[in-house]
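Working notes, structure below.
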Amino acid sequence: MTQPKRARGGQAGKEGGHAGSKPDGQRGHENLHNSVDDALLLKRKSEEVLFQLNGRCIYLVGMMGSGKSTVGKILAEVLGYSFFDSDKLVEQAVGMPSVAQIFKVHSEAFFRDNESSVLRDLSSMRRLVVATGGGAVIRPVNWKNMKKGLSVWLDVPLEALARRIAKVGTASRPLLDQPSGDPYTMAFSKLSTLAEQRGDAYANADVRVSLEEIASKLGHDDVSKLTPIDIALESLHKIESFVVEDTAVADPQTESQAQRIHTL
Ligand SMILES: Nc1ncnc2c1ncn2[C@@H]1O[C@H](COP(=O)(O)OP(=O)(O)O)[C@@H](O)[C@H]1O
Ligand SMILES: O=C(O)C1=C[C@@H](OP(=O)(O)O)[C@@H](O)[C@H](O)C1
Ligand SMILES: [Mg+2]
């Protein structure tokens, strides 16, 4: 059977469009082939990773707009895991329709307490992909709970985050909500401040998925050309490498079996 190759742009779902030299009809076919190839690669890798995960949960961390909810749903789907978005669970627990309203009626501290309770409850479960809120990384108690599973940091350049946020608006993200000003500039400025305040809290994650690295590997000049599937696939590769190394430290004998599977 021929191996699917990694697609190089032109797929549905990416942020920036880039016109190729081919007529639209041909590009359409190419895009479809690329998407099918990517879906096959993703499915195949997920089957290997599923075996190695042994039921461990995956926690996605990263700044607002980094794609935790988007990529998390894809990972859950291909792994056959259940997907939870911690923001949605907080909304349910509090009985309010949006995070923005919780911040407004109560406070950020109230939201954070509920966020910690949700993460604590989830940490006793198995076979979950959890998209956390961007600020979950600031509390050590959340890390204590997330470390029961495997954590993945989606590391996205601030410019790309601000572009995404400017596109969808800030209504659902109260920390970025600004009454006036250019949406991109305002989002970029707020995100920069938050990134500075949070320091290297995201780097506590077991695995770092850098969009700049993926873009360079795939020959793209901009992270905006990456699709959520590209990012999900790289996440699975990184998770696999981490689990293999982790097993090596914990149990050298099991490691040699895991390594054999990894290199197949
Ligand atoms: N790789 C991507 N390409 C294009 N748009 C994306 C990508 N990843 C996420 N988005 C969009 O960016 C916005 C933020 O994504 P989301 O998954 O909600 O991030 P988070 O949960 O980390 O805040 C959404 O509108 C989503 O559709
Ligand atoms: O970074 C943050 O502090 C927040 C991120 C949001 O989630 P997303 O990262 O999914 O946008 C949400 O939890 C809340 O608005 C606060
Ligand atoms: Mg989210």
Side-chain angles (χ1 to χ4, degrees), residues 1 3-4 6 38-62 66-89 115-133 136-137 139-155 201-210 213-214 228-264:
M1 194 171 104
Q3 295 287 323
R6 291 312 326 279
D38 276 0
L40 280 173
L41 280 169
L42 194 62
K43 194 63 207 154
R44 192 174 298 164
K45 184 49 69 188
S46 66
E47 280 159 11
E48 293 165 8
V49 172
L50 183 64
F51 174 75
Q52 290 157 350
L53 276 174
N54 197 20
R56 248 193 284 186
C57 296
I58 296 173
Y59 293 89
L60 293 171
V61 301
S66 59
K68 302 176 295 291
S69 302
T70 307
V71 174
K73 280 178 206 156
I74 297 173
L75 289 175
E77 168 80 30
V78 293
L79 289 168
Y81 271 30
S82 302
F83 174 75
F84 286 103
D85 192 314
S86 70
D87 285 345
K88 298 271 169 273
L89 293 177
E115 181 174 57
S116 293
S117 305
V118 158
L119 291 173
R120 186 199 57 223
D121 293 349
L122 291 173
S123 72
S124 64
M125 299 183 199
R126 290 173 65 75
R127 296 172 61 87
L128 308 180
V129 175
V130 180
T132 66
V137 295
R139 284 196 174 180
V141 67
N142 295 341
W143 278 112
K144 192 180 122 250
N145 288 319
M146 292 194 288
K147 285 286 174 177
K148 291 177 192 157
L150 197 147
S151 44
V152 178
W153 169 28
L154 298 183
D155 185 9
Y202 294 113
N204 281 323
D206 298 316
V207 164
R208 171 175 169 258
V209 173
S210 154
E213 270 177 26
I214 312 174
I229 288 189
D230 291 329
I231 299 158
L233 186 57
E234 178 70 3
S235 303
L236 288 175
H237 279 287
K238 287 283 173 85
I239 289 169
E240 182 177 50
S241 302
F242 175 80
V243 176
V244 168
E245 274 169 40
D246 203 34
T247 314
V249 176
D251 179 355
Q253 206 180 343
T254 317
E255 136 66 6
S256 60
Q257 289 161 3
Q259 187 61 49
R260 273 203 301 280
I261 293 159
H262 181 57
T263 49
L264 281 179

Review point. Do K45 side-chain atoms and H237 backbone N/O form a donor-acceptor pair below 3.5 Å?
Key: no
Point to revise | Heavy-atom pair with the smallest gap, counting every atom of T247 and V243 | key: OG1-O, 2.5 Å
Review point. Hey, is the main chain of N54 close enough, under 3.5 Å, to the side chain of R126 for a donor-acceptor pair?
Key: yes
Revision key, fill the gap. Given the options L236, L75, L154, I231 meets side-chain contact (heavy atoms from CB on, under 4.5 Å) only with L154
Check your understanding: Which residues pass the side-chain contact (heavy atoms from CB on, under 4.5 Å) test with R208, sequence neighbours left out?
Key -> W153, D155, S210, E213
Point to revise | Contact check, side chains of I239 and V152, non-hydrogen atoms, under 4.5 Å | key: yes
Check your understanding: Hey, mind stepping through K238 and E234 against side chain to side chain contact (heavy atoms under 4.5 Å, CB included) and telling me if it holds?
Key -> CA-CA 6 Å; K238 287 283 173 85; E234 178 70 3; 3.6 Å; yes
Check your understanding: Roughly how far, to the nearest 0.5 Å, is OG of S46 from CD1 of I74?
Key -> 12.0 Å
Check your understanding: Is the backbone of L128 close enough, under 3.5 Å, to the side chain of S82 for a donor and an acceptor to pair up by distance?
Key -> no
**Study point:** Criterion side chain to side chain contact (heavy atoms under 4.5 Å, CB included) on V130 and L119, from CA distance to verdict
**Key:** CA-CA 9 Å; V130 180; L119 291 173; 4.3 Å; yes
Review point. Who pairs with R56 by salt bridge (Lys or Arg N to Asp or Glu O under 4.0 Å), at least two apart in sequence or on another chain?
Key: D246
Point to revise | Heavy-atom closest pair, residues V71 and S235 | key: CG1-OG, 4.4 Å
Practice item. Determine, stepwise, if the pair L53 / L79 fulfils side chain to side chain contact (heavy atoms under 4.5 Å, CB included). Key: CA-CA 10 Å; L53 276 174; L79 289 168; 4.2 Å; yes
Check your understanding: Can you name the side chain to side chain donor-acceptor pair (under 3.5 Å) partners of Y202, sequence neighbours left out?
Key -> R198
Review point. Who pairs with R139 by side chain to side chain donor-acceptor pair (under 3.5 Å), at least two apart in sequence or on another chain?
Key: D113, S116
**Study point:** Closest non-hydrogen atom pair between A136 and E115, with its separation
**Key:** CA-OE1, 3.7 Å
**Study point:** Which residues share a side-chain contact (heavy atoms from CB on, under 4.5 Å) with K88, sequence neighbours left out
**Key:** D85, E91
Check your understanding: So, does K73 use its side chain to make a donor-acceptor pair with the main chain of F83 at under 3.5 Å?
Key -> no
Point to revise | OG on S86 to CG on D121, rounded to 0.5 Å | key: 12.0 Å
Check your understanding: What is the distance from atom CD of E47 to atom CG of L42, rounded to the nearest 0.5 Å?
Key -> 10.5 Å
Revision key, fill the gap. Taken in chain and number order and not counting sequence neighbours, the residues that satisfy side-chain contact (heavy atoms from CB on, under 4.5 Å) with K147 are W143, S151, D206
Practice item. Work out which heavy atom in G133 is nearest to a heavy atom in D87; give both atom names and the distance. Key: CA-OD1, 3.8 Å
**Study point:** Polar side-chain atom of T132 near backbone of L60 as donor-acceptor pair, under 3.5 Å
**Key:** yes
Study note, to complete from the structure: Residue set satisfying side-chain contact (heavy atoms from CB on, under 4.5 Å) with T70, at least two apart, ordered chain then number -> P228
Exercise for review: Let me see the working for Y59 and L150 under side chain to side chain contact (heavy atoms under 4.5 Å, CB included), right down to the final yes or no.
Suggested key: CA-CA 6 Å; Y59 293 89; L150 197 147; over 6 Å; no
